[in-house]
Amino acid sequence: MTLDRKWIEAAIQAAQHAYAPYSSYQVGAALVTLDGTVFTGCNVENAAYPMCICAERTALVKAVSEGQRQFGVLVVATRDGGSPCGMCRQMLYEFAPELEVVIVDFTGHVHHQIALNQLLTLGFNAASLK
Ligand code: THU
């Protein structure tokens, strides 16, 4: 899919909703389905630290719970162009190994544009269980 600046803006906007009182590290995500629908997400932290959920998984769970399972692009926005954690890579890989991951900072500068199956090489999914 051709990168749309609107998706970058959506991810940056989503970071505004981050609930990150412990890390002060705000993350926004925009997950785009193959039909062009955009699901956004932010990180939501908790005083019980392991309960924290990342922006990427928030967006993914929102999308899947709305009946969407086919994804083309994920934009992740942070202050410094941070990249998705391993747990998020694995969760996304379940649905879209070829997902295009676009990593931006809050100015909209693109730090990386890379396929998920490169971020998570030799990933494990349903095909591995056949
Ligand atoms: N975080 C994300 O939202 N996505 C990632 O892929 C990396 C980390 C969040 C979790 C936590 O709220 C904060 O960033 C610091 O780890």
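If you're wondering where the values come from, they're calculated on a predicted model, not measured in any experiment. All ligand and atom numbering here is 1-based and tracks the order in the structure.
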*Is_contact(atom 16 (O) of ligand 1), protein non-hydrogen, under 4.0 Å*: no

*Hey, which of Val44, Asn43, Asn46 is the one that makes side-chain contact (heavy atoms from CB on, under 4.5 Å) with Ile53?*
Val44

*asked:* Any nitrogen or oxygen of Val27, side chain or backbone, less than 3.5 Å from one on ligand 1?
replied: no

*ligand 1 contact on Cys54 by region, counting heavy-atom pairs under 4.0 Å*: both

*asked:* I want to know if ligand 1 touches Cys85 in the polar sense, i.e. an N/O pair below 3.5 angstrom.
replied: yes

*Tell me, which pairs form a ring-ring contact (aromatic ring centres under 6.0 Å, His included) where one or both residues lie in residues 108-130, sequence neighbours left out?*
His109-His111

*Which atoms of ligand 1 sit under 4.0 Å from any heavy atom of Ser23?*
13 (C), 15 (C)

*Nearest-neighbour protein heavy atom for atom 9 (C) of ligand 1, which is reported as residue plus atom name and distance*: Asn43 ND2, 3.6 Å

*What pairs of residues pass the ring-ring contact (aromatic ring centres under 6.0 Å, His included) test when at least one of them lies in residues 35-55, not counting sequence neighbours?*
Tyr22-Tyr49

*Please step through side chain to side chain contact (heavy atoms under 4.5 Å, CB included) for the pair Leu60 and Phe95, ending with a clear verdict.*
CA-CA 9 Å; Leu60 177 66; Phe95 297 96; 4.0 Å; yes

*Indicate yes or no for a side-chain donor-acceptor contact from Arg57 to the backbone of Met87 under 3.5 Å, with no hydrogens or angles considered.*
no

*Protein heavy-atom partner closest to atom 4 (N) of ligand 1 - residue, atom, separation in Å*: Glu56 OE1, 2.8 Å

*Relative to the heavy atoms of Pro84, which atoms of ligand 1 are at a distance of less than 4.0 Å?*
6 (O)

*Step by step, would you call Arg69 with Thr33 a side chain to side chain donor-acceptor pair (under 3.5 Å)?*
CA-CA 8 Å; Arg69 295 182 184 173; Thr33 66; over 6 Å; no

*Between Ser23 and Glu45, is a side chain to side chain contact (heavy atoms under 4.5 Å, CB included) present by the stated rule, with each step listed?*
CA-CA 8 Å; Ser23 71; Glu45 298 186 346; 2.5 Å; yes

_Give me the residue, atom name and distance of the protein heavy atom closest to atom 12 (O) of ligand 1._
Glu45 OE2, 2.5 Å

*When you measure from atom 3 (O) of ligand 1 to every protein heavy atom, which one gives the shortest distance, and what is it?*
Ala55 N, 3.0 Å

